[in-house]
Amino acid sequence: MKMAEGQVNKFSKLHSYFWIYVSCIMSKWLALLLCITSVYHVTCLNNGLALTPPMGWLSWERYRCITDCETYPDDCISEKLYMEMADLLVSEGYKDVGYQYVNIDDCWMSKERDGRGSLVADPERFPHGIKHLADYIHSKGLKMGIYEDFGTKTCGGYPGSKFYLQEDAETFASWGVDMLKLDGCYTNAADYEYGYPIMEFFLNRTGRPMLYSCSWPAYVSNPDYVKIAKYCNIWRNYADIGDSWDSVRGIIDFYGKDKGNFSKVAGPGQFNDPDMIIIGDYGLSYEQQRTQMALWSMMAAPLFMSSNLRKMPQKSKALLQNKRAIAINQDPLGIQGTRIDMIGKNIQVWTKQISPKGKSFAFTFLNTDEGGSPTKISYPLKKLGAIAPAGYNVTEVFSGAFVGMFKPQDSLNVSVDPTGVFFGMAKFLG
Ligand SMILES: *[C@@H]1O[C@H](CO)[C@@H](O)[C@H](O)[C@H]1NC(C)=O
Ligand SMILES: *[C@@H]1O[C@H](CO)[C@@H](O)[C@H](O)[C@H]1NC(C)=O
């Protein structure tokens with residue numbers, strides 16, 4: 001029997017209410033999700049955001065879940081922290097070079113939802129509420145991000161969005177949120193592939209463009225990156241960064257291995273996220289800070305600093321604001337750089353195509369040796385992908401120093417410090 005369109009809608013609504021009812025009594029989350037996906041057509045993410053990797057500041061690595069504002073008045077998760085960081089993004093020049101988002105992470109909420117089931121900010125630490133904070137951040141010409149979790153609780157034990165996805169999307173939109181990081185603690189492995197798309201659907205329905213950061217692939221063993229990129233602007237696929245070289249090195253190795261070729265999925269609107277920038281914190285030497293800035297630029301990574309902007313060492317600030325490194329990260333092609341070669345067992349060779357396509361590229365030699373003296377290397381430009389016979393102008397990215405003019409068959413001779421990099425850019429002549 002053929003039904004008229006109105007009848008079909010009515011039928012599917014009834015059908016959906018039936019399944020919501022069944023899922024409630026059986027607490028079968030999956031049934032609810034399946035039913036919603038069948039009723040509404042969940043379409044691809046098309047919010048026009050993250051055409052280049054997003055840049056900003058995010059509290060998690062540096063400020064974690066500090067809620068004791070008496071003992072830690074400057075470090076606790078509070079409106080004061082985010083307002084001060086917003087002020088500093090502007091006054092210290094970060095905004096001018098592209099850092100735009102001020103992102104709240106876990107532990108901003110009250111332990112319970114309010115009587116109507118809505119999320120509320122902790123009243124002591126956020127006495128004016130999140131809308132007020134968003135207004136403040138917007139008044140500085142910046143954007144505000146927030147954190148939730150797709151499970152029943154956030155990783156820090158605060159109310160999660162499971163069973164409240166629609167309400168929470170609407171709450172965030174009403175507050176003026178510009179970005180959502182949705183974590184994946186406290187849920188079942190089978191739920192991710194349904195839950196994250198459903199949240200994308202509800203975010204879209206609010207009508208407010210919100211950049212969507214998914215922790216989905218970090219929680220599953222063989223992520224379907226092509227599918228994930230359909231629903232998320234950026235996605236975390238590896239463990240949280242910590243304040244150490246070991247942690248940075250582990251992430252670089254994971255991205256170097258590129259299991260399942262996840263680098264290929266990156267492009268405008270969709271980027272792999274190797275996690276925050278810890279430059280200016282406690283764990284990295286200056287060489288290692290250069291390494292993180294170089295590699296995160298090469299990987300077309302979102303650049304979210306997690307550090308104390310009130311006390312940023314000058315040299316660290318100069319790295320974070322290096323315009324040539326940022327331009328490589330923000331290149332409009334959005335191509336993720338990859339590790340293409342090893343020289344011996346300690347020198348990693350990375351390349352990234354930049355505009356104009358096929359004519360210019362960035363490259364990095366990373367020395368993972370943890371002792372001794374700088375390593376001298378000689379490497380033919382053609383092995384980096386240089387093919388134009390007219391040759392290339394090579395510059396060192398951090399300093400902008402001109403290294404020389406090279407033909408594809410010429411070799412580049414550089415010296416790379418232990419746990420450091422040579423970060424270069426080759427521009428086609430002609
Ligand atoms: C919602 O999705 C539609 C279809 O993909 C898209 O055109 C629209 O811009 C999206 N709106 C928001 C707010 O993301
Ligand atoms: C990844 O790419 C390489 C080279 O482009 C190819 O040989 C390999 O089969 C690909 N692997 C997967 C899992 O797609």
Side-chain angles (χ1 to χ4, degrees), residues 36-52 54 100-101 103 134 138 143-146 148 150 161 165-182 193-214 216-218 220-235 237-238 252-272 298-300 302 333-342 348-353 357-358 361 363 383-385 387:
I36 296 172
T37 25
S38 64
V39 174
Y40 303 113
H41 298 282
V42 176
T43 52
C44 294
L45 176 80
N46 190 7
N47 59 13
L49 299 173
L51 298 181
T52 61
Q100 188 182 25
Y101 289 88
N103 284 18
H138 292 153
K143 296 185 169 187
M144 193 191 75
I146 206 161
E148 240 298 4
F150 162 68
S161 284
L165 293 174
Q166 183 170 12
E167 287 88 335
D168 292 352
E170 284 166 5
T171 299
F172 297 146
S174 75
W175 286 343
V177 166
D178 303 296
M179 168 168 176
L180 170 66
K181 171 177 167 184
L182 193 63
E193 62 175 315
Y194 300 102
Y196 279 95
I198 300 279
M199 189 52 158
E200 188 277 316
F201 172 79
F202 287 131
L203 289 173
N204 177 277
R205 281 240 306 198
T206 67
R208 182 176 179 84
M210 286 184 260
L211 197 154
Y212 188 30
S213 164
C214 302
W216 173 5
V220 301
S221 49
N222 277 308
D224 179 348
Y225 286 103
V226 172
K227 179 170 181 190
I228 290 163
K230 277 191 188 151
Y231 299 105
C232 305
N233 290 116
I234 63 174
W235 52 86
N237 52 359
Y238 192 67
I252 293 170
D253 282 344
F254 180 82
Y255 274 68
K257 286 190 188 112
D258 197 12
K259 185 177 166 222
N261 295 335
F262 60 79
S263 63
K264 300 260 193 313
V265 179
Q270 48 194 69
F271 293 99
N272 291 286
M298 293 294 291
M299 299 187 297
L333 295 173
I335 295 173
Q336 183 176 327
T338 52
R339 188 170 74 195
I340 58 155
D341 197 8
M342 296 286 299
Q348 301 188 7
V349 184
W350 289 70
T351 58
K352 178 191 199 292
Q353 281 199 57
K357 193 173 184 183
F361 58 90
F363 61 94
K383 282 184 79 179
L384 293 170
I387 45 164

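In listed order, ligands and their atoms are each counted from 1.
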What pairs with K181 under salt bridge (charged side-chain N to carboxylate O under 4.0 Å, His left out), at least two apart in sequence or on another chain?
-> D105
Are any of the N or O atoms of R208 closer than 3.5 Å to those of ligand 1?
-> no
Which ligand 1 atoms are under 4.0 Å away from a heavy-atom of N47?
-> 14 (O)
Residues in the immediate environment of ligand 2 (any heavy atom closer than 4.0 angstrom) = G260, N261
Side-chain heavy atoms of N47 within contact of N204, under 4.5 Å = no
Looking at G207, which atoms of ligand 1 are within less than 4.0 Å of one of its heavy atoms?
-> 13 (C)
Salt bridge (charged side-chain N to carboxylate O under 4.0 Å, His left out) partners for K264, two or more places apart | none
Hey, is CD1 on I387 packed in by over 12 heavy atoms from elsewhere, all under 6.0 Å?
-> no
When you look at E193 and V220, which way does the side-chain contact (heavy atoms from CB on, under 4.5 Å) test go after all the steps?
-> CA-CA 9 Å; E193 62 175 315; V220 301; over 6 Å; no
Contact check, side chains of Q166 and R205, non-hydrogen atoms, under 4.5 Å = yes
One finds that the ligand 1 atoms under 4.0 Å from a non-hydrogen atom of N204 are 1 (C), 2 (O), 3 (C), 8 (C), 10 (C), 11 (N), 12 (C), 13 (C), 14 (O)
Scan side-chain atoms only and decide if D168 and S161 contain a donor-acceptor pair under the 3.5 Å cut-off.
-> yes
Residues in salt bridge (charged side-chain N to carboxylate O under 4.0 Å, His left out) with K357, at least two apart?
-> none
